[in-house]
Amino acid sequence: MIPDNRTTDFQVFRDELVRHLDWFADRGRKVSFWWRDDDAIEPSPALDRMLALANEHRVDLALAVIPKDATEALARRLAEEPHAVVLQHGWQHKNFQLKAKGEKAAELGSRRDPDELMDQLQAGKARLETLFGDKFIPAIVPPWNRIAPEISRRLPGLGLPGLSTFTFHNFPRDHQVQSHIDILKWKKPVRFIGWECARLRFDLQLTRRRNTGGEPLGLLSHHLAHDEPSFEFLEKFLAIAAHHEGADWPSVKALFG
């Protein structure tokens with residue numbers, strides 16, 4: 001049950017989300033949604049909760065898995081999950097940028113030797129293919145959502161045409177499927193952004209989609225960092241958006257083409 005001091009914020013969020021989806025449904029249109037969750041390496045109670053939600057609402061959960069640390073236990077856990085798919089989360093989720101120079105964290109950034117990095121990404125792809133088989137989608141999710149242009153251009157040559165970062169701008173190329181709304185506030189303590197902030201972010205994205213093309217709206221989560229309100233948000237959001245006639249949840253494999 002939602003505590004009393006948050007009930008009103010949730011109701012406002014719910015009512016505005018439904019109004020947006022009603023607008024699309026009334027015009028015979030649908031908003032496409034997809035769900036990406038980062039940093040998976042092994043089974044956990046938090047991951048179990050995410051998979052249960054995906055199954056309950058019959059939506060795909062795209063897990064960005066860190067190849068270097070991915071475990072066989074995770075592969076076994078996902079093997080029979082009908083809505084779980086795997087994306088490649090870099091190689092080791094390690095920062096190579098220089099914080100002292102004010103550079104933002106990135107594993108696939110400008111400080112890397114491109115040839116060395118290509119070897120690591122190729123090894124990561126092979127490992128995920130071995131562990132997850134046809135659940136693996138050949139798409140890169142750069143740690144911290146940052147990637148140098150030269151690295152991005154070389155990915156298709158590795159057999160990794162897919163790319164997903166974080167921006168509200170329209171995707172710039174085929175096989176790029178963006179995330180747009182991160183449900184976490186990353187300043188310590190890490191926590192759910194709150195219903196009012198979620199309302200504003202969804203209002204921006206859904207208003208844009210009334211007037212632009214059909215870019216899928218990407219929900220971003222990090223199950224290992226979730227507090228209880230983060231899980232509560234996912235439960236209540238999916239109860240609305242996964243079942244409304246103005247919403248569509250295509251398979252993630254189809255989105256990456």
Once you round to the nearest 0.5 Å, how far does [atom1] of [X] lie from [atom2] of [Y]?
X: L87; Y: F256; atom1: CG; atom2: CZ; result: 5.0 Å
X: W34; Y: L220; atom1: CH2; atom2: CG; result: 8.5 Å
X: W35; Y: L219; atom1: CH2; atom2: CG; result: 7.5 Å
X: D22; Y: R27; atom1: CG; atom2: CZ; result: 10.0 Å
X: E42; Y: I66; atom1: CD; atom2: CD1; result: 10.0 Å
X: Q178; Y: N145; atom1: CD; atom2: CG; result: 8.5 Å

Ignoring hydrogens and geometry, is there a side-chain-to-backbone donor-acceptor pair from [X] to [Y] under 3.5 Å?
X: S164; Y: V141; value: no
X: S179; Y: T165; value: yes
X: E107; Y: Q92; value: yes
X: K135; Y: E81; value: yes
X: R201; Y: H180; value: no
X: D37; Y: H223; value: yes

Please report the closest heavy-atom contact between [X] and [Y], naming both atoms and the distance.
X: A54; Y: L61; value: CB-CB, 4.1 Å
X: L238; Y: H243; value: O-CD2, 3.4 Å
X: M50; Y: S221; value: CE-OG, 3.2 Å
X: L108; Y: R146; value: CB-O, 4.0 Å
X: S230; Y: F192; value: OG-CB, 3.5 Å
X: L255; Y: P216; value: CD2-CG, 3.6 Å

Co-membership, hydrophobic cluster, residues [X] and [Y], 4.5 Å side-chain:
X: I181; Y: I240; result: yes
X: V59; Y: L17; result: yes
X: V18; Y: L206; result: yes
X: V190; Y: F231; result: yes
X: I41; Y: V65; result: no

_Partner set under salt bridge (charged side-chain N to carboxylate O under 4.0 Å, His left out) for D48, not counting sequence neighbours_ =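 R77.
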Test of understanding: with ring-ring contact (aromatic ring centres under 6.0 Å, His included), list the residues that count as partners of [X], not counting sequence neighbours.
X: H222; answer: W186
X: W91; answer: none
X: H175; answer: none
X: W249; answer: F33

*asked:* Less than 6.0 angstrom from the centroid, inside 45 degrees of the normal: does R111 satisfy that with respect to the ring of F96?
replied: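 No - R111 does not lie over the ring of F96 by the 6.0 Å and 45° rule.
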_side-chain contact (heavy atoms from CB on, under 4.5 Å) evaluation trace for H20 with V31_ = CA-CA 9 Å; H20 272 295; V31 178; over 6 Å; no
_If you apply the rule side-chain contact (heavy atoms from CB on, under 4.5 Å), what do you find for E116 with R112, and how did you get there?_
CA-CA 8 Å; E116 177 187 35; R112 300 304 308 276; 3.8 Å; yes
*Heavy-atom count around R29 CZ within 6.0 Å, excluding the residue itself: above 12?*
yes
_Using a 6.0 Å cut-off, check whether atom CD of E196 has over 12 heavy atoms from anything other than its own residue._
yes
*Measure up the F202 and F233 rings against each other and bin them: parallel (under 30°), tilted (30 to 60°), perpendicular (over 60°).*
tilted
*asked:* In terms of relative ring orientation, are H89 and H93 parallel, tilted or perpendicular, with 30° and 60° separating the classes?
replied: perpendicular
*So E245 and F24, side-chain contact (heavy atoms from CB on, under 4.5 Å) or not? Walk me through it.*
CA-CA 9 Å; E245 62 181 346; F24 285 91; over 6 Å; no
Can you give me every donor-acceptor pair (side chain of residues 148-160, partner residue at least two apart or in another chain, under 3.5 Å) with its distance?
{"residue": "S152", "atom": "OG", "partner": "R173", "partner atom": "NH1", "Å": "3.1"}
{"residue": "R154", "atom": "NH1", "partner": "D115", "partner atom": "OD1", "Å": "3.4"}
{"residue": "R154", "atom": "NH2", "partner": "D115", "partner atom": "OD1", "Å": "2.8"}

Is there side-chain contact between [X] and [Y], with at least one heavy-atom pair below 4.5 Å?
X: K125; Y: L121; answer: no
X: W195; Y: V12; answer: no
X: Q97; Y: K104; answer: no

*With side-chain contact (heavy atoms from CB on, under 4.5 Å) as the test, would you mind laying out the steps for K236 and R14 before giving the verdict?*
CA-CA 9 Å; K236 295 194 173 294; R14 177 197 62 200; over 6 Å; no
